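Everything on this sheet refers to the single structure shown next.
Start at 1 and go down the list; that is how both ligands and their atoms are numbered. Everything numeric in this text was worked out from a predicted model, so none of it was measured.
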Amino acid sequence: MKIFLDTADCEQIQKHFASGLIDGVTTNPTLIMKSHRKPDDVYQELKDMGLTDISMEVVADSVLATVKEAHRLHEKFGEVTTIKVPCTPDGLQACHDLAKEGIKVNVTLIFSQVQAILAAKAGAAYVSPFVGRVDDNSFGGLCLVKEIASIFTKQNVFETEILAASIRGVRQVGRAFEYGAHICTIPPTIFDKMYNHILTEKGMQLFEEDWANVSSKM
Ligand code: E4P
């Protein structure tokens with residue numbers, strides 16, 4: 001059960017990584033754009049921070065160009081590199097080639113069970129079903145996670161992990177793990193909310209008041 005942060009904001013990642021609860025980071029072109037930084041600078045900072053699993057999305061117009069860029073990233077950043085490719089014929093062929101070389105690939109933009117099947121067959125280390133975006137289109141994002149987990153269990157797929165992406169709320173995190181996701185990638189704002197419960201706050205308040213009472217008598 002691993003938690004990744006879904007952001008390219010190094011300040012936020014540094015803050016949360018210190019908690020010891022973060023197992024990796026996923027980035028994408030939109031998140032890199034929002035960081036206003038060069039992708040390689042973000043990856044280098046994350047590697048220097050001690051992150052051991054960083055999804056780096058490759059945007060290229062052919063299998064050859066994808067594999068070439070994946071090699072460059074892997075040579076530069078080493079074992080922390082997970083290459084992210086879209087679930088397209090070119091993306092999956094690149095995934096197949098890279099997986100054969102032992103390079104980890106995260107197949108992204110997964111919206112159906114059959115796409116996850118193809119990605120697993122291509123040797124993906126991770127398949128990323130987009131829970132929130134499926135929900136946005138009036139289908140069940142969490143059902144998709146459940147369907148993929150079910151087929152992977154029935155077919156003894158152990159090499160490909162389900163990475164629930166496009167998470168929009170804390171409840172989805174719990175459910176995604178319950179339905180069989182191995183990893184959830186979560187925006188920092190949602191990760192923060194995972195700590196919260198009204199009864200924890202109330203309980204803390206009561207304990208603090210009672211402790212003040214005890215302390216005044218010591
Ligand atoms: C991460 O791998 C995905 O790119 C990300 O979770 C997509 O999230 P969004 O649908 O909120 O943009």
*State whether a side-chain donor-acceptor pair under 3.5 Å links Thr26 with Asp6.*
yes

For [atom], which protein heavy atom lies nearest, and how many Å away is it?
{"atom": "atom 12 (O) of ligand 1", "value": "Arg133 NH2, 2.8 Å"}
{"atom": "atom 3 (C) of ligand 1", "value": "Phe130 CZ, 3.5 Å"}
{"atom": "atom 5 (C) of ligand 1", "value": "Asp6 OD2, 3.1 Å"}

*Which residues pass the salt bridge (charged side-chain N to carboxylate O under 4.0 Å, His left out) test with Lys76, sequence neighbours left out?*
Asp40

*So, the side chain of Gln113 versus the backbone of Glu147: is there a donor-acceptor pair under 3.5 Å, distance only?*
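Checked: pair present.
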
*For atom CZ of Arg72, decide whether the heavy atoms of other residues, nucleotides or ligands shown that lie under 6.0 angstrom number more than 12.*
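Result for CZ/Arg72: enclosed.
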
*At what distance, to the nearest 0.5 angstrom, does CZ of Phe152 lie from OG1 of Thr160?*
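If we round to the nearest 0.5 Å, Phe152:CZ and Thr160:OG1 are 5.5 Å apart.
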
*Show the numbers, then the answer: is there a side chain to side chain contact (heavy atoms under 4.5 Å, CB included) between Glu101 and His74?*
CA-CA 11 Å; Glu101 295 174 37; His74 189 256; over 6 Å; no

*Does an N or O from Arg168, backbone or side chain, lie closer than 3.5 Å to an N or O of ligand 1?*
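Right, the criterion is met.
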
*Is there a nitrogen or oxygen of Asn28 sitting under 3.5 Å from a nitrogen or oxygen of ligand 1?*
yes

*Who's closest to atom 8 (O) of ligand 1 heavy-atom-wise, of Ser128, Ser166, Gly141?*
Ser166

*Could a heavy atom of Glu57 be found less than 4.0 Å from some atom of ligand 1?*
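Contact absent.
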
*Contact partition for Lys84 relative to ligand 1, non-hydrogen atoms under 4.0 Å*: side chain

